[in-house]
Amino acid sequence: MFAAERRQLILEMVRANGAVSLRELARVVQTSEVTVRRDVRALEAEGLLDRRHGGAVLPGGFTRESGFPQKSHLATAEKTAIADLAAGLVEEGEAIVVGAGTTTQELARRLARVPGLTVVTNSLLVAQALAHANRVEVVMTGGTLRGSNYALVGSGAEQSLQGLRVSRAFLSGSGLTAERGLSTSNMLSASVDRALVQAAAEVVVLADHTKLGTDTMFQTVPTDVITRLVTDEPPAHDERAATELQALADQGVQVAVAGASGPSQGADPVPAGRQPRRDVPLPGQRRGVPGGPSALRSTAALAGAAGEARVADLRRR
(Lines give C-alpha, C1' and ligand atoms only; values in the text may rest on other atoms or scores of the structure.)
Protein backbone atom coordinates (compact mmCIF):
# COMPACT_ATOMS: atom_id res chain seq x y z
CA MET A 1 0.00 0.00 0.00
CA PHE A 2 1.35 3.42 -0.98
CA ALA A 3 1.79 6.11 1.67
CA ALA A 4 -1.08 8.20 0.26
CA GLU A 5 -3.41 5.21 0.40
CA ARG A 6 -2.36 4.36 3.95
CA ARG A 7 -2.93 7.90 5.15
CA GLN A 8 -6.33 8.12 3.50
CA LEU A 9 -7.39 4.89 5.22
CA ILE A 10 -5.99 6.10 8.55
CA LEU A 11 -7.92 9.34 8.20
CA GLU A 12 -11.14 7.49 7.37
CA MET A 13 -10.75 5.26 10.44
CA VAL A 14 -10.20 8.21 12.76
CA ARG A 15 -13.16 10.09 11.28
CA ALA A 16 -15.38 7.03 11.67
CA ASN A 17 -14.36 6.20 15.26
CA GLY A 18 -13.22 9.49 16.78
CA ALA A 19 -10.09 7.87 18.23
CA VAL A 20 -8.01 4.88 17.12
CA SER A 21 -4.92 3.31 18.66
CA LEU A 22 -1.67 3.03 16.71
CA ARG A 23 -1.79 -0.72 17.20
CA GLU A 24 -5.21 -0.96 15.56
CA LEU A 25 -4.19 1.35 12.72
CA ALA A 26 -1.10 -0.75 12.05
CA ARG A 27 -3.19 -3.91 11.99
CA VAL A 28 -5.70 -2.53 9.52
CA VAL A 29 -3.19 -1.00 7.08
CA GLN A 30 -0.88 -4.00 7.55
CA THR A 31 2.30 -2.16 8.41
CA SER A 32 4.43 -1.40 11.46
CA GLU A 33 3.52 1.01 14.25
CA VAL A 34 6.64 3.02 13.37
CA THR A 35 5.31 3.62 9.86
CA VAL A 36 1.83 4.43 11.16
CA ARG A 37 3.28 6.91 13.65
CA ARG A 38 5.07 8.64 10.75
CA ASP A 39 1.82 8.78 8.79
CA VAL A 40 -0.06 10.21 11.77
CA ARG A 41 2.56 12.95 12.18
CA ALA A 42 2.13 13.89 8.53
CA LEU A 43 -1.66 14.04 8.85
CA GLU A 44 -1.37 16.11 12.01
CA ALA A 45 0.89 18.58 10.20
CA GLU A 46 -1.93 19.05 7.69
CA GLY A 47 -4.41 19.68 10.52
CA LEU A 48 -6.46 16.59 9.67
CA LEU A 49 -6.11 14.85 13.04
CA ASP A 50 -4.44 15.19 16.44
CA ARG A 51 -1.83 12.81 17.81
CA ARG A 52 -2.21 11.29 21.24
CA HIS A 53 0.30 9.00 22.92
CA GLY A 54 -0.69 5.59 21.67
CA GLY A 55 -3.21 6.76 19.09
CA ALA A 56 -4.82 9.44 16.93
CA VAL A 57 -8.02 11.45 17.46
CA LEU A 58 -10.11 13.96 15.59
CA PRO A 59 -8.79 17.53 15.80
CA GLY A 60 -10.12 19.78 18.55
CA GLY A 61 -9.48 17.59 21.59
CA PHE A 62 -10.57 20.28 24.05
CA THR A 63 -14.18 20.12 22.88
CA ARG A 64 -14.58 16.55 21.63
CA GLU A 65 -15.09 13.41 23.65
CA SER A 66 -14.80 9.92 22.22
CA GLY A 67 -17.60 7.48 22.97
CA PHE A 68 -17.22 4.19 24.79
CA PRO A 69 -16.57 2.05 21.67
CA GLN A 70 -13.63 4.25 20.69
CA LYS A 71 -12.17 4.55 24.19
CA SER A 72 -12.35 0.80 24.75
CA HIS A 73 -9.80 0.23 21.96
CA LEU A 74 -7.18 2.64 23.33
CA ALA A 75 -4.38 1.43 25.66
CA THR A 76 -6.21 -1.80 26.53
CA ALA A 77 -3.15 -3.63 27.93
CA GLU A 78 -2.24 -0.60 30.03
CA LYS A 79 -5.76 -0.31 31.46
CA THR A 80 -5.69 -3.98 32.42
CA ALA A 81 -2.40 -3.55 34.28
CA ILE A 82 -3.69 -0.44 36.06
CA ALA A 83 -6.87 -2.23 37.14
CA ASP A 84 -4.86 -5.17 38.49
CA LEU A 85 -2.72 -2.87 40.62
CA ALA A 86 -5.60 -0.68 41.79
CA ALA A 87 -7.64 -3.69 42.90
CA GLY A 88 -4.92 -4.47 45.44
CA LEU A 89 -5.78 -1.23 47.26
CA VAL A 90 -9.28 -2.44 48.14
CA GLU A 91 -9.85 -4.47 51.30
CA GLU A 92 -12.68 -6.71 52.44
CA GLY A 93 -15.68 -4.92 53.88
CA GLU A 94 -14.83 -1.51 52.44
CA ALA A 95 -17.31 0.98 51.03
CA ILE A 96 -16.02 2.79 47.94
CA VAL A 97 -17.26 4.80 44.98
CA VAL A 98 -16.24 3.97 41.43
CA GLY A 99 -16.78 6.48 38.62
CA ALA A 100 -17.51 5.92 34.96
CA GLY A 101 -14.87 4.96 32.40
CA THR A 102 -13.26 2.07 30.58
CA THR A 103 -10.44 1.78 33.14
CA THR A 104 -12.83 1.79 36.09
CA GLN A 105 -14.86 -0.89 34.31
CA GLU A 106 -11.74 -3.06 34.24
CA LEU A 107 -11.27 -2.37 37.96
CA ALA A 108 -14.87 -3.40 38.71
CA ARG A 109 -14.33 -6.79 37.09
CA ARG A 110 -11.57 -7.46 39.61
CA LEU A 111 -13.53 -6.11 42.58
CA ALA A 112 -16.11 -8.84 42.08
CA ARG A 113 -13.77 -11.11 44.07
CA VAL A 114 -13.58 -8.85 47.16
CA PRO A 115 -16.03 -10.11 49.82
CA GLY A 116 -18.16 -7.72 51.85
CA LEU A 117 -17.51 -4.83 49.48
CA THR A 118 -20.01 -2.02 48.91
CA VAL A 119 -19.62 -0.14 45.63
CA VAL A 120 -21.46 3.10 44.90
CA THR A 121 -21.38 4.02 41.21
CA ASN A 122 -23.05 6.09 38.52
CA SER A 123 -21.75 3.75 35.79
CA LEU A 124 -23.95 1.09 34.22
CA LEU A 125 -20.82 -0.70 33.01
CA VAL A 126 -19.35 -0.85 36.53
CA ALA A 127 -22.68 -2.11 37.90
CA GLN A 128 -22.90 -4.73 35.16
CA ALA A 129 -19.40 -5.99 35.94
CA LEU A 130 -20.44 -6.51 39.57
CA ALA A 131 -24.00 -7.71 38.95
CA HIS A 132 -23.25 -11.39 39.60
CA ALA A 133 -20.81 -10.89 42.50
CA ASN A 134 -22.66 -12.52 45.37
CA ARG A 135 -20.68 -10.87 48.16
CA VAL A 136 -20.55 -7.35 46.68
CA GLU A 137 -23.36 -4.86 47.23
CA VAL A 138 -23.84 -2.36 44.40
CA VAL A 139 -25.55 0.98 45.01
CA MET A 140 -26.54 2.96 41.91
CA THR A 141 -27.01 6.71 41.86
CA GLY A 142 -30.06 8.26 40.27
CA GLY A 143 -29.82 10.58 37.32
CA THR A 144 -30.17 10.78 33.55
CA LEU A 145 -28.45 8.21 31.36
CA ARG A 146 -25.66 9.58 29.18
CA GLY A 147 -25.43 7.06 26.38
CA SER A 148 -21.91 7.84 25.14
CA ASN A 149 -20.31 6.42 28.30
CA TYR A 150 -23.27 4.57 29.94
CA ALA A 151 -23.17 6.85 32.98
CA LEU A 152 -25.88 8.49 35.08
CA VAL A 153 -25.45 12.27 35.26
CA GLY A 154 -27.38 15.39 36.20
CA SER A 155 -28.94 16.71 39.38
CA GLY A 156 -30.52 13.36 40.25
CA ALA A 157 -27.11 11.67 40.36
CA GLU A 158 -25.57 14.48 42.39
CA GLN A 159 -28.41 14.65 44.92
CA SER A 160 -28.29 10.89 45.53
CA LEU A 161 -24.67 11.29 46.68
CA GLN A 162 -25.42 13.92 49.33
CA GLY A 163 -24.66 12.72 52.84
CA LEU A 164 -22.66 9.74 51.56
CA ARG A 165 -19.25 8.92 53.08
CA VAL A 166 -16.92 6.15 51.86
CA SER A 167 -13.24 5.33 52.26
CA ARG A 168 -12.10 5.84 48.64
CA ALA A 169 -13.18 7.12 45.26
CA PHE A 170 -11.73 5.54 42.13
CA LEU A 171 -12.02 7.89 39.17
CA SER A 172 -10.81 8.18 35.62
CA GLY A 173 -11.03 11.04 33.13
CA SER A 174 -9.92 12.41 29.76
CA GLY A 175 -6.70 14.09 30.89
CA LEU A 176 -4.38 14.59 33.85
CA THR A 177 -1.86 17.36 34.49
CA ALA A 178 0.01 18.53 37.57
CA GLU A 179 -1.31 22.04 36.98
CA ARG A 180 -5.06 21.32 36.84
CA GLY A 181 -5.41 17.73 38.02
CA LEU A 182 -7.99 15.42 36.46
CA SER A 183 -10.26 16.79 33.75
CA THR A 184 -12.92 15.67 31.31
CA SER A 185 -14.54 16.97 28.13
CA ASN A 186 -18.13 16.88 29.38
CA MET A 187 -19.64 19.30 31.89
CA LEU A 188 -22.29 16.90 33.26
CA SER A 189 -19.75 14.11 33.81
CA ALA A 190 -17.39 16.54 35.55
CA SER A 191 -20.11 17.68 37.93
CA VAL A 192 -20.99 14.13 39.01
CA ASP A 193 -17.31 13.22 39.42
CA ARG A 194 -16.89 16.19 41.77
CA ALA A 195 -19.83 14.90 43.82
CA LEU A 196 -18.19 11.46 43.98
CA VAL A 197 -15.00 13.06 45.27
CA GLN A 198 -16.89 14.91 48.01
CA ALA A 199 -18.15 11.56 49.33
CA ALA A 200 -14.68 9.98 49.72
CA ALA A 201 -11.93 10.27 52.31
CA GLU A 202 -9.29 9.49 49.63
CA VAL A 203 -9.24 9.93 45.86
CA VAL A 204 -7.49 7.42 43.61
CA VAL A 205 -7.11 8.40 39.95
CA LEU A 206 -6.71 5.68 37.32
CA ALA A 207 -5.05 7.09 34.21
CA ASP A 208 -2.91 5.42 31.57
CA HIS A 209 0.16 7.25 30.26
CA THR A 210 -1.71 8.54 27.17
CA LYS A 211 -3.69 10.87 29.46
CA LEU A 212 -0.67 12.31 31.27
CA GLY A 213 -0.01 15.87 30.17
CA THR A 214 -3.39 16.10 28.41
CA ASP A 215 -5.73 18.90 29.51
CA THR A 216 -9.44 19.02 28.70
CA MET A 217 -12.24 21.49 29.31
CA PHE A 218 -13.70 20.74 32.73
CA GLN A 219 -11.66 20.15 35.87
CA THR A 220 -12.99 17.32 38.03
CA VAL A 221 -10.32 16.75 40.71
CA PRO A 222 -7.67 19.37 41.55
CA THR A 223 -4.17 18.00 42.03
CA ASP A 224 -4.10 18.77 45.75
CA VAL A 225 -7.19 16.57 46.26
CA ILE A 226 -5.72 13.51 44.51
CA THR A 227 -4.34 11.05 47.04
CA ARG A 228 -2.94 8.49 44.63
CA LEU A 229 -2.37 7.98 40.92
CA VAL A 230 -2.30 4.48 39.48
CA THR A 231 -0.81 4.52 35.98
CA ASP A 232 1.21 2.38 33.61
CA GLU A 233 4.88 2.61 32.73
CA PRO A 234 5.36 5.25 30.00
CA PRO A 235 7.40 4.32 26.91
CA ALA A 236 11.07 5.30 27.10
CA HIS A 237 10.60 8.01 24.45
CA ASP A 238 7.61 9.61 26.21
CA GLU A 239 9.35 12.46 28.01
CA ARG A 240 6.11 14.37 28.52
CA ALA A 241 4.51 11.58 30.56
CA ALA A 242 7.65 11.09 32.69
CA THR A 243 7.88 14.83 33.34
CA GLU A 244 4.21 14.98 34.31
CA LEU A 245 4.62 12.04 36.71
CA GLN A 246 7.49 13.82 38.42
CA ALA A 247 5.48 17.04 38.70
CA LEU A 248 2.52 15.19 40.21
CA ALA A 249 4.78 13.44 42.73
CA ASP A 250 6.38 16.76 43.63
CA GLN A 251 2.93 18.03 44.57
CA GLY A 252 2.39 15.12 46.96
CA VAL A 253 0.48 12.65 44.80
CA GLN A 254 1.42 9.05 45.60
CA VAL A 255 2.32 7.40 42.29
CA ALA A 256 1.97 3.67 41.64
CA VAL A 257 3.20 2.39 38.26
CA ALA A 258 2.12 -0.90 36.73
CA GLY A 259 3.95 -2.52 33.83
CA ALA A 260 1.88 -3.13 30.71
CA SER A 261 2.33 -6.89 31.06
CA GLY A 262 0.90 -6.98 34.58
CA PRO A 263 1.06 -5.49 38.05
CA SER A 264 4.18 -7.43 39.00
CA GLN A 265 6.22 -4.83 37.13
CA GLY A 266 4.77 -1.96 39.11
CA ALA A 267 4.94 -0.92 42.74
CA ASP A 268 3.37 -2.77 45.62
CA PRO A 269 0.15 -1.04 46.73
CA VAL A 270 -0.10 0.37 50.25
CA PRO A 271 -2.81 -1.39 52.28
CA ALA A 272 -5.51 0.79 53.80
CA GLY A 273 -4.66 2.19 57.21
CA ARG A 274 -0.91 2.15 56.66
CA GLN A 275 1.15 5.34 56.45
CA PRO A 276 0.95 6.63 52.86
CA ARG A 277 4.09 6.91 50.81
CA ARG A 278 5.13 7.36 47.22
CA ASP A 279 5.06 3.90 45.69
CA VAL A 280 7.48 4.47 42.85
CA PRO A 281 10.56 6.73 42.87
CA LEU A 282 10.55 9.12 39.93
CA PRO A 283 13.32 10.91 38.04
CA GLY A 284 15.13 13.37 40.23
CA GLN A 285 14.20 11.91 43.62
CA ARG A 286 17.12 11.80 46.04
CA ARG A 287 16.25 9.03 48.42
CA GLY A 288 16.24 5.25 48.78
CA VAL A 289 14.13 3.14 46.47
CA PRO A 290 11.29 1.27 48.21
CA GLY A 291 9.17 -1.41 46.66
CA GLY A 292 11.76 -4.07 45.79
CA PRO A 293 12.93 -5.14 42.35
CA SER A 294 9.61 -4.33 40.67
CA ALA A 295 9.90 -0.68 41.71
CA LEU A 296 13.48 -0.63 40.51
CA ARG A 297 12.38 -1.72 37.06
CA SER A 298 9.78 1.04 36.87
CA THR A 299 12.33 3.57 38.04
CA ALA A 300 14.82 2.59 35.37
CA ALA A 301 12.25 2.89 32.63
CA LEU A 302 11.24 6.36 33.75
CA ALA A 303 14.62 7.79 34.56
CA GLY A 304 16.56 6.65 31.49
CA ALA A 305 20.27 6.06 31.51
CA ALA A 306 20.95 8.15 34.60
CA GLY A 307 18.29 6.31 36.53
CA GLU A 308 19.66 2.94 35.44
CA ALA A 309 23.08 3.87 36.75
CA ARG A 310 21.63 4.87 40.12
CA VAL A 311 19.61 1.66 40.33
CA ALA A 312 22.69 -0.39 39.57
CA ASP A 313 24.55 1.41 42.34
CA LEU A 314 21.74 0.70 44.80
CA ARG A 315 21.79 -2.98 43.89
CA ARG A 316 25.55 -3.19 44.52
CA ARG A 317 24.91 -1.87 48.01
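What's counted below: heavy atoms across the whole structure, side chains too, no hydrogens, waters or symmetry copies. One-based numbering along the sequence shown.
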Nearest 0.5 angstrom please: [X] [atom1] to [Y] [atom2], how far?
{"X": "Leu85", "Y": "Arg228", "atom1": "CG", "atom2": "CZ", "answer": "8.5 Å"}
{"X": "Leu9", "Y": "Gln30", "atom1": "CG", "atom2": "CD", "answer": "10.0 Å"}
{"X": "Ile82", "Y": "His209", "atom1": "CD1", "atom2": "NE2", "answer": "9.0 Å"}
{"X": "Asp193", "Y": "Leu182", "atom1": "CG", "atom2": "CG", "answer": "7.0 Å"}
{"X": "Thr144", "Y": "Leu188", "atom1": "OG1", "atom2": "CG", "answer": "8.5 Å"}
{"X": "Arg6", "Y": "Leu11", "atom1": "CZ", "atom2": "CG", "answer": "14.0 Å"}

Checklist entry - Is the number of heavy atoms from other residues, nucleotides or ligands under 6.0 Å of Arg23 CZ greater than 12? => result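 Not buried by this count: 12 neighbours or fewer within 6.0 Å.
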
I'd like to know if the side chain of [X] and the backbone of [Y] have a donor-acceptor N/O pair within less than 3.5 Å.
{"X": "Glu24", "Y": "Ser21", "result": "no"}
{"X": "Ser189", "Y": "Asn186", "result": "no"}
{"X": "Thr216", "Y": "Ser174", "result": "no"}
{"X": "Asn122", "Y": "Ala151", "result": "no"}
{"X": "Thr141", "Y": "Ala157", "result": "no"}
{"X": "Ser191", "Y": "Met187", "result": "no"}

What are the two closest heavy atoms between [X] and [Y], and how far apart are they?
{"X": "Ala100", "Y": "Asn149", "value": "CB-ND2, 4.2 Å"}
{"X": "Thr121", "Y": "Val98", "value": "OG1-O, 2.7 Å"}
{"X": "Ser183", "Y": "Thr214", "value": "OG-O, 4.4 Å"}
{"X": "Val192", "Y": "Gly154", "value": "CG2-N, 3.9 Å"}
{"X": "Thr231", "Y": "Ala207", "value": "OG1-O, 2.7 Å"}
{"X": "Ala258", "Y": "Ala81", "value": "CB-O, 3.5 Å"}

Taking the side chain as every heavy atom from C-beta outward, state whether [X] and [Y] have any atom pair closer than 4.5 Å.
{"X": "Leu176", "Y": "Ile226", "result": "yes"}
{"X": "Leu161", "Y": "Gln198", "result": "no"}
{"X": "Val203", "Y": "Leu196", "result": "no"}
{"X": "Leu229", "Y": "Leu212", "result": "yes"}
{"X": "Glu179", "Y": "Thr223", "result": "no"}
{"X": "Met140", "Y": "Leu152", "result": "yes"}
{"X": "Val257", "Y": "Asp232", "result": "no"}
{"X": "Val204", "Y": "Thr227", "result": "no"}

Could you list the residues that satisfy side chain to side chain contact (heavy atoms under 4.5 Å, CB included) with [X], not counting sequence neighbours?
{"X": "Gln159", "result": "Ser155, Gln162"}
{"X": "Ala178", "result": "Glu244, Ala247, Leu248, Gln251"}
{"X": "Ala95", "result": "Thr118, Val166"}
{"X": "Arg38", "result": "Val34, Thr35"}

Checklist entry - What pairs of residues pass the salt bridge (charged side-chain N to carboxylate O under 4.0 Å, His left out) test when at least one of them lies in residues 40-49, not counting sequence neighbours? => result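 Non-adjacent pairs meeting salt bridge (charged side-chain N to carboxylate O under 4.0 Å, His left out): Glu44-Arg51.
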
Item to check | Contact list for residues 148-164, test salt bridge (charged side-chain N to carboxylate O under 4.0 Å, His left out), sequence neighbours left out | outcome: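 Listed by first then second residue: nothing to list.
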
Item to check | Glu94/Ser167 under side chain to side chain donor-acceptor pair (under 3.5 Å): CA gap, chis, key distance, verdict | outcome: CA-CA 7 Å; Glu94 270 196 278; Ser167 58; 2.6 Å; yes

side-chain hydrogen bond (donor to acceptor under 3.5 Å, both in side chains) partners of [X], counting only residues at least two apart:
{"X": "Arg110", "result": "Asp84, Glu106"}
{"X": "Thr103", "result": "none"}
{"X": "Glu33", "result": "none"}
{"X": "Thr104", "result": "none"}

Checklist entry - Considering the options Leu89, Val119, Val126, which one meets the side chain to side chain contact (heavy atoms under 4.5 Å, CB included) requirement together with Phe170? => result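 Option passing the side chain to side chain contact (heavy atoms under 4.5 Å, CB included) with Phe170: Leu89.
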
Item to check | Results of salt bridge (charged side-chain N to carboxylate O under 4.0 Å, His left out) for Arg194 - residues two or more places apart only | outcome: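 Per chain and number, Arg194 pairs via salt bridge (charged side-chain N to carboxylate O under 4.0 Å, His left out) with no residue.
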
Distance-only donor-acceptor pairs under 3.5 Å for side chains of residues 128-137, two or more places apart:
none

Next on the checklist: side chain to side chain donor-acceptor pair (under 3.5 Å), that's the test. Do Ser172 and Lys79 meet it? Break it down for me.
Outcome noted: CA-CA 11 Å; Ser172 187; Lys79 291 173 183 177; over 6 Å; no

Checklist entry - How far apart are the C-alpha atoms of Val197 and Thr220, what are their side-chain angles, what is the distance that settles it, and do they pass the side-chain contact (heavy atoms from CB on, under 4.5 Å) test? => result CA-CA 9 Å; Val197 168; Thr220 55; over 6 Å; no

